[in-house]
Amino acid sequence: MISITVQHDNFDSGAEADRLSALGGGAISSFVGQVRGDGNLYALELEHYPAMTEKALRKIAMKALDQWALYGITIIHRVGRLRVGEQIVLVCTCSDHRQAAIEACSYIMDQLKTIAPFWKKEILCDGSENWVEERQSDLDAAKSWDD
Amino acid sequence: MISITVQHDNFDSGAEADRLSALGGGAISSFVGQVRGDGNLYALELEHYPAMTEKALRKIAMKALDQWALYGITIIHRVGRLRVGEQIVLVCTCSDHRQAAIEACSYIMDQLKTIAPFWKKEILCDGSENWVEERQSDLDAAKSWDD
Amino acid sequence: MANQLSIVYFSWVRERIGRDQDTINCPENAETIGQLLDYLKTKDTVYQDLFADLKKLRFALDQDFVGLEAPLGSAKELAIFPPVTGG
Amino acid sequence: MANQLSIVYFSWVRERIGRDQDTINCPENAETIGQLLDYLKTKDTVYQDLFADLKKLRFALDQDFVGLEAPLGSAKELAIFPPVTGG
């Protein structure tokens, strides 16, 4: 079962993991990404392409289901303005085997970073703004699953 | 920071992840293992070697801190009688980088499975009991980190 | 009759264009995305600037990532945006 | 004076022995864990059965995993148990 949500509101990663694990399997892997600040960052503004987002995330989740024996996948991605320390994204996977759950979770995050239509703008403490640029390390991570 | 707890009581994986992520870093990886039942299983009885458990888990956590840039590690392992569907173990790691958090979490689980002094006894629905035997796949997984 | 196409913009592409979206009539001789971009450049200098470095842009046709050589076919929506940075 | 050693048992080893632990006086000539097991086998048939297949057992000396060739030294606690199965 695939559950995909794009919302501004925060989420409770433990409650989401509990809900997912009710589908079966004893191994639940979760990843949470948060707004990380270096002191100059005030907030992130997260934009997405609504008509495409769920389609793109569902495609990633379906590919994960093809590759690993999973009971379910939960993806939650927040949009709008998020302050430093706030949660941005949750990926949670559930399987009989811990390697399957962990690898699938890692795969989904790597793919999400490169093909899900979200864009981050940094709002700095001095009021200036700049769009975050893609990172080669994310592209490399996504490609590493191809072989 | 390393937090290691062995307890009978249940835990809230989301609250633990929140507490850990307050240490810094934007990438939080969690793994939860639950009692998985096939219909014949009533409960697991988890025994440990109290004088050794924390020492063994701390050694694993220290090795993870050597290998990955982590802000913190939380390990919670439950003991006593746990019914099907209950949580057994939580490993949570926190880093600036998702690969570091996820790999460290996976490493800690693999090591825990083979060198932390816990033993599981299955209590079946017909009242019979049997001690769970080690699995070659767990030994292989732990060894896979050596190179 | 020429195919109507919505073009939607995101992130700094949207800011640079100054609009969320446009609706255009595709010219008959624009069969691929690359050819459509060439046509747009003749219509507005903002496109000339934007399409000067195509390596910085990504394209989705009816919500699927595509390359410049992709045929427009009877697609309804073209999205133009920078590389994604979510997660 | 002979070294006093606690031996603690877990899982089915504990059930088979029927006790949580024993305290013994290490004989002078038992310098390694393997030699101590040989000595224990001469004391009680339950040890003979238990130590018949050492591949099924693991050992920790003062809470660190060790092999059969490990010197007992001045260790205070030997643990005998099957391979661990937590997590």
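Everything numeric in this text was worked out from a predicted model, so none of it was measured. Quick note on labels: first sequence line is chain A, next is B, and so on, each numbered from 1. For the numbers below, each heavy atom of this structure counts, side chains included, while hydrogens, waters and symmetry mates do not.
- Ranked by heavy-atom pairs under 4.5 Å with chain A, the first of B/Gly85, B/Ala27, B/Cys105, B/Ala101 is B/Ala27.
- Each of A/Asp96, A/Ile102, A/Val91, A/Ile88 has some count of heavy-atom pairs under 4.5 Å with chain B, and the biggest count is that of A/Asp96.
- Taking chain A as the reference chain and counting heavy-atom pairs below 4.5 Å, the highest number among B/Ser29, B/Ala15, B/Ser137, B/Cys92 is found for B/Ser29.
- Judged by distance alone, the side chains of B/Gln34 and A/Ser21 do bring a donor and an acceptor atom under 3.5 Å apart.
- Chain B forms the most heavy-atom pairs under 4.5 Å with one residue out of A/Ala17, A/Gly24, A/Ser30, A/Ser106, and that residue is A/Ser30.
- Residue contact with chain A, scored on non-hydrogen atoms closer than 4.5 Å, is absent for B/Val35.
- Most heavy-atom pairs under 4.5 Å with chain B: of the set A/Thr93, A/Asp110, A/Val84, A/Val89, this distinction falls to A/Asp110.
- Surrounding NZ of A/Lys55 are more than 12 heavy atoms belonging to other residues, nucleotides or ligands, all under 6.0 Å away.
- Only the side chain of B/Asp18 has a heavy atom closer than 4.5 Å to any heavy atom of chain A.
- For A/Phe11, the CZ atom sits in a packed shell: over 12 heavy atoms of surrounding residues, nucleotides or ligands are nearer than 6.0 Å.
- Across every non-hydrogen atom of A/Gly14 and B/Ser13, the tightest pair is CA-OG, 3.5 Å.
- Annotation for A/Ala141 and B/Arg98: closest pair CB-NH2, 4.0 Å, computed over non-hydrogen atoms.
- Looking at B/Asp38, there are no atoms closer than 4.5 Å to chain A (heavy atoms on both sides), in backbone or side chain.
- Neither the backbone nor the side chain of B/Glu103 has a heavy atom closer than 4.5 Å to any heavy atom of chain A.
- Heavy-atom pairs under 4.5 Å with chain B were tallied for A/Lys113, A/Arg36, A/Met109; the largest tally goes to A/Arg36.
- Side-chain atoms of A/Ile28 and B/Phe31, non-hydrogen and from C-beta on, never get closer than 4.5 Å to each other.
- The local environment of CD in B/Glu133 is sparse, with at most 12 non-hydrogen atoms from other residues, nucleotides or ligands closer than 6.0 Å.
- Heavy atoms of B/Glu16 lying under 4.5 Å from chain A are absent altogether.
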